[in-house]
Amino acid sequence: MPLEVIDATPMHIEQLLSKPIRQDDVDEWFAATGGRTVSDVLRSAAELGFMDGCRALLNETGECICLWGVTAGPHGAGYVWLVASEEAELHGRHVHRLWPKEIAMMHMRFSLLAAIAYGNNMLHLSWLEVIGFKPIATDYVGPGRLPFITHIREMPCAIQ
């Protein structure tokens with residue numbers, strides 16, 4: 001079975017969390033959410049019904065190795081997020097080939113997409129650039145005053 005992208009369910013969260021998560025993703029989520037873990041955030045989102053638009057990348061055996069989505073934020077922007085297992089990193093090229101279609105789907109809901117990346121997560125920063133996001137501001141957040149860079153991507157033809 002080849003890698004497959006499908007709409008995510010709460011079961012996919014549990015599958016992903018049973019695998020080692022990329023340490024950069026763990027660190028970024030922890031810093032960005034004020035100390036909440038990836039598992040806390042994802043499980044809370046599922047319990048509150050925020051799985052709409054969430055997508056899962058399944059490996060060859062049908063298990064989730066990466067989740068992403070877009071969540072409504074301020075000013076009508078869609079905030080893009082992603083969390084990946086270490087296994088997903090092994091399929092980096094395949095994952096990058098998915099993004100034109102996935103970003104187009106996100107733009108069907110939001111003409112303005114935003115993403116906030118930890119300034120030291122070089123893979124995340126380069127991924128955002130490759131898929132057409134532009135950095136617009138750096139904020140220093142949390143008790144450690146860590147740098148987080150806001151990126152945006154616009155497409156005016158989205159259906160609101």
In terms of heavy-atom contacts, Ala77 and Phe110 come closest through C-CD2, 3.8 Å
Heavy-atom closest pair (Pro147 atom, Tyr140 atom, distance to 0.1 Å) is CB-CE2, 3.5 Å
request  = Say whether, by atom type as modelled, one donor and one acceptor occur between the side chain of Arg153 and the main chain of Leu113 under 3.5 angstrom.
outcome  = no
Non-hydrogen side-chain atoms of Arg22 and Leu123 separated by less than 4.5 Å:
yes
On a heavy-atom basis, the closest approach of Leu16 and Ala84 is CD1-C, 4.5 Å
For Val70 and Trp81 the tightest heavy-atom approach is N-NE1, 3.8 Å
Closest non-hydrogen contact found for His151 with Ala117 is CE1-CB, 4.3 Å
Margin query: Quick check on the hydrophobic clustering: are Val80 and Ile131 connected, directly or via other members, by side-chain heavy-atom contacts under 4.5 Å?
Written below: yes
Discussion item. Any side-chain to backbone donor/acceptor pair from Glu28 onto Tyr118? Under 3.5 Å, distance only.
Written reply: yes
Exactly one of Asp25, Leu67, Leu57 clears side-chain contact (heavy atoms from CB on, under 4.5 Å) with Leu82, and that residue is Asp25
Would you indicate whether the side-chain heavy atoms of Phe133 and Ile103 approach each other to under 4.5 Å?
yes
Does a side-chain heavy-atom distance below 4.5 Å link Leu3 with Leu58?
no
Report task. Kindly check if the number of other-residue, nucleotide or ligand heavy atoms within 6.0 Å of CD (Glu14) is above 12? Result -> yes
**Request:** Go through the steps to decide whether His124 and Asp24 satisfy the test side chain to side chain contact (heavy atoms under 4.5 Å, CB included), and finish with yes or no.
**Result:** CA-CA 9 Å; His124 191 176; Asp24 284 345; over 6 Å; no
Q) For Met122, does the CE atom have more than 12 heavy-atom neighbours from other residues, nucleotides or ligands under 6.0 Å away? A) no
task = Could you walk me through whether His75 and Leu112 pass the side chain to side chain contact (heavy atoms under 4.5 Å, CB included) test, one step at a time?
result = CA-CA 9 Å; His75 312 294; Leu112 176 64; over 6 Å; no
> Do Lys19 and Glu63 have side-chain heavy atoms sitting under 4.5 Å apart?
Replying inline: yes
When you compare the side chain of Trp68 with that of Val5, does any pair of heavy atoms fall below 4.5 Å?
yes
Closest heavy-atom pair, Gly69 versus Met106, reported as atoms and distance to 0.1 Å, is O-CE, 4.0 Å
Check your understanding: Is there a path from Trp99 to Ile65 through hydrophobic residues (I, L, V, M, F, W, Y) whose side chains come within less than 4.5 Å of each other?
Key -> yes
Within the side chain of His96, is there an N or O that forms a donor-acceptor pair under 3.5 Å with the backbone of Arg93? no
